[in-house]
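Here is the naming used below: chain letters follow the sequence lines, and residue numbers restart at 1 for every chain.
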2 protein chains.
Amino acid sequence: MALTVLVVDDDFRVARLHADIVRATPGFAEPDSCASVAEAMRLAARGVDLALVDLYLPDGSGLELVRSLDCDVFVLSAAAEAGTVRTALSRGALAYLVKPFGAEALSDRLGAYRRYRALLDGADVVQQDAVDAAIRVLHGQGAGTRPKGHSALTEQAVAQAVAAAGEPVSAAEVAEQVGISRATAQRYLALLADQGRLDVQLRYGTTGRPEHRFSPVRAGAGPLS
Amino acid sequence: MALTVLVVDDDFRVARLHADIVRATPGFAEPDSCASVAEAMRLAARGVDLALVDLYLPDGSGLELVRSLDCDVFVLSAAAEAGTVRTALSRGALAYLVKPFGAEALSDRLGAYRRYRALLDGADVVQQDAVDAAIRVLHGQGAGTRPKGHSALTEQAVAQAVAAAGEPVSAAEVAEQVGISRATAQRYLALLADQGRLDVQLRYGTTGRPEHRFSPVRAGAGPLS
DNA sequence: GATGCCGTGCGCACAATGCGCAGAAGTCGG
DNA sequence: CCGACTTCTGCGCATTGTGCGCACGGCATC
């Protein structure tokens with residue numbers, strides 16, 4: 001039985017992006033989308049397995065919605081205050097993704113959620129082992145499969161350097177920032193771009209090969225220019 | 001700052017047992033106890049970090065209490081129906097322990113909760129990797145007992161060597177300090193890092209695989225004992 | 001004394017990095 | 001339009017460190 005998902009985001013482009021990811025993930029039905037607390041409550045009342053909730057909503061608090069919904073919830077939000085994260089988890093969010101994130105990050109967690117449901121739905125009564133296993137499945141290696149020659153720590157450092165830069169940066173600049181070689185920075189930046197997590201622009205105007213400049217993919221609120 | 005805990009169980013013997021476990025776990029204040037939903041709401045309103053909630057309560061549903069409480073919640077219950085587990089987690093339970101369980105099971109999870117709080121309280125704004133790390137600390141390996149092939153004495157010696165170093169250290173340095181092999185030091189350091197007790201940095205700059213360097217996790221506001 | 005389990009060390013496969021360079025991808029001038 | 005030149009990217013290879021399977025010693029149990 002395919003799992004039903006409701007995408008709750010007031011930016012229709014973002015909602016569509018997330019719906020596309022759900023659609024592309026095996027085991028999930030065609031997702032619904034809506035843009036407000038009121039509409040989310042109405043659609044969820046029809047029965048839905050999982051809601052993907054942005055915390056910034058026009059008619060109320062996403063955090064309050066997390067508490068009010070009777071279905072499972074993932075929070076997908078640009079809000080990265082530690083207190084917000086804790087409150088969301090405390091109110092029942094089973095996952096918290098900080099925007100911007102790559103399609104694979106969400107897809108992986110959807111896959112993990114499906115396995116979590118399979119473990120708990122497969123039995124009427126569970127032992128402690130099964131409870132622990134289900135929770136671990138849900139929260140296990142959520143990071144995407146990484147090719148050989150790439151380390152999780154270096155990938156994080158590179159992604160953070162780009163995010164912190166506030167403007168497009170070159171491989172050389174990231175290399176200096178992180179303390180790695182230009183070639184290694186280049187490899188990671190290319191990987192992140194391939195995963196859809198970074199945008200690439202070319203800087204023309206000087207002699208020689210144009211420089212690749214990298215910036216975070218914008219999936220947050222506000223119009224894209 | 002010691003974390004405050006409220007034990008909610010209508011069996012006073014069980015409540016006392018759980019309170020004793022909390023009392024015996026470092027980093028927690030003298031716990032409060034109560035035996036009903038009404039009393040739990042009243043005591044929690046004064047501010048409490050964590051409630052340990054039994055689902056069978058005389059004046060109402062423990063599951064409803066989980067949703068209503070504004071603090072973090074662990075469910076400790078003999079109720080082992082899969083649907084109940086899912087509902088509890090969906091309503092915000094950060095952990096679910098099926099009665100009867102050993103003192104160590106609860107004590108380990110309290111320790112994991114403390115590290116989870118330290119990770120999230122230690123920063124105003126967090127990155128995705130910090131969110132993931134905090135969740136892993138709460139639900140991952142760190143939540144359980146020590147795996148096979150690890151001794152408490154060695155673990156302690158390794159942790160002390162890192163604490164005493166005053167700067168990030170490599171596995172080879174810890175091995176030399178403690179008098180164990182590099183591979184064994186590596187195993188313990190990796191475990192402690194997975195448990196959220198140590199930070200890992202990579203030392204770049206030479207050809208070959210970068211060296212993992214370990215240091216104590218920077219605690220959040222207030223000293224952890 | 002035999003057996004099984006636990007924790008450790010050993011040794012090695014391989015993961016992840018930097019180096020250096022070939023060549024890709026531009027600009028510029030004739 | 002084309003060749004020369006510049007600047008940058010991508011990649012093969014050597015290097016260094018990690019992670020893991022397995023053997024072994026010690027100890028507890030029968």
Side-chain angles (χ1 to χ4, degrees), chain A residues 140-141 143-162 168-195 198-215, chain B residues 104 129 136 140-141 144-162 165 167-195 198-215:
Chain A
Q141 277 74 13
T145 51
R146 194 174 296 105
K148 292 176 181 177
H150 290 83
S151 117
L153 286 167
T154 306
E155 182 175 309
Q156 280 167 15
V158 167
Q160 281 173 15
V162 178
V169 285
S170 69
E173 289 161 352
V174 169
E176 191 173 354
Q177 183 72 37
V178 174
I180 57 180
S181 75
R182 193 277 313 166
T184 296
Q186 200 87 52
R187 284 195 304 110
Y188 278 88
L189 290 165
L191 174 71
L192 292 168
D194 286 347
Q195 288 175 341
L198 294 180
D199 278 338
V200 193
Q201 307 169 346
L202 291 177
R203 187 192 65 171
Y204 296 105
T206 62
T207 59
R209 192 166 168 169
E211 193 173 67
H212 286 64
R213 297 188 79 83
F214 300 84
S215 56
Chain B
E104 197 169 297
D129 57 286
R136 268 202 308 280
Q141 189 66 60
T145 55
R146 192 174 303 103
K148 289 179 181 180
H150 286 83
S151 124
L153 286 173
T154 307
E155 180 175 311
Q156 197 176 58
V158 168
Q160 280 173 2
V162 178
E167 61 182 357
V169 285
S170 69
E173 289 162 353
V174 169
E176 190 172 356
Q177 183 73 36
V178 173
I180 55 179
S181 77
R182 193 277 312 168
T184 294
Q186 200 89 52
R187 281 197 302 117
Y188 278 89
L189 291 164
L191 175 70
L192 291 166
D194 284 347
Q195 289 176 339
L198 295 180
D199 276 336
V200 194
Q201 307 169 347
L202 293 179
R203 189 193 64 171
Y204 301 109
T206 61
T207 58
R209 209 163 160 167
E211 193 173 66
H212 286 63
R213 298 188 80 82
F214 300 85
S215 54

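At a threshold of 4.5 Å between non-hydrogen side-chain atoms, the residues B:L189 and B:H212 do not count as touching. For the pair B:F214 and B:Q186, the minimum side-chain heavy-atom distance is below 4.5 Å. Considering only heavy atoms from C-beta on, A:S170 comes within 4.5 Å of A:R213 through its side chain. Proximity of B:E155 to B:Q195: side-chain heavy atoms (C-beta onward) are separated by under 4.5 Å at one or more points. Between A:V158 and A:I180, some side-chain heavy-atom pair lies under the 4.5 Å cut-off.
Each of B:H150 and B:Y204 was assigned the nucleotide of DNA chain C with the nearest heavy atom; the assignment lying further toward the 5' end belongs to B:H150.
Atom pair A:Q201:CD and D:dT9:P shows a separation of 14 Å (rounding to whole Å applied). Distance CG (A:L202) to C1' (D:dT7): 13 Å, rounded to an integer number of Å. For the pair A:Y188 OH and D:dG10 C1', the computed distance is 16 Å after rounding to whole Å.
Taken to the nearest 0.5 Å, the CD atom of B:Q156 stands 11.5 Å off from the OH atom of B:Y188. Annotation: the span from B:Y204 atom OH to B:R209 atom CZ amounts to 12.0 Å, rounded to 0.5 Å. Once rounded to the nearest 0.5 Å, the distance linking CZ of B:R187 with OG1 of B:T184 reads 5.0 Å.
Here the shortest heavy-atom pairing between B:V200 and B:A193 reads CG2-CB, 3.6 Å. Of all non-hydrogen atoms in B:A161 and B:V178, the two that sit nearest each other are CB-CG2, 3.8 Å. Taking each heavy atom of B:A171 and B:A185 in turn, the nearest pair found is O-CB, 3.5 Å.
A:T154 comes within 4.0 angstrom of the backbone, heavy atoms only, and of no base.
When DNA chain C is scanned in the 5' to 3' direction for atoms under 4.0 Å from non-hydrogen atoms of chain A, the outermost contacting nucleotides are C:dA15 to C:dC28.
Looking at residues 175-186 of chain B, you'll see B:R182, B:A183, B:Q186 sit with a heavy atom under 4.0 Å from some atom of DNA chain D. Heavy-atom distances under 4.0 Å link DNA chain D to B:T207, B:G208, B:R209, B:P210, B:E211, B:H212 of residues 205-215 of chain B, given in residue order.
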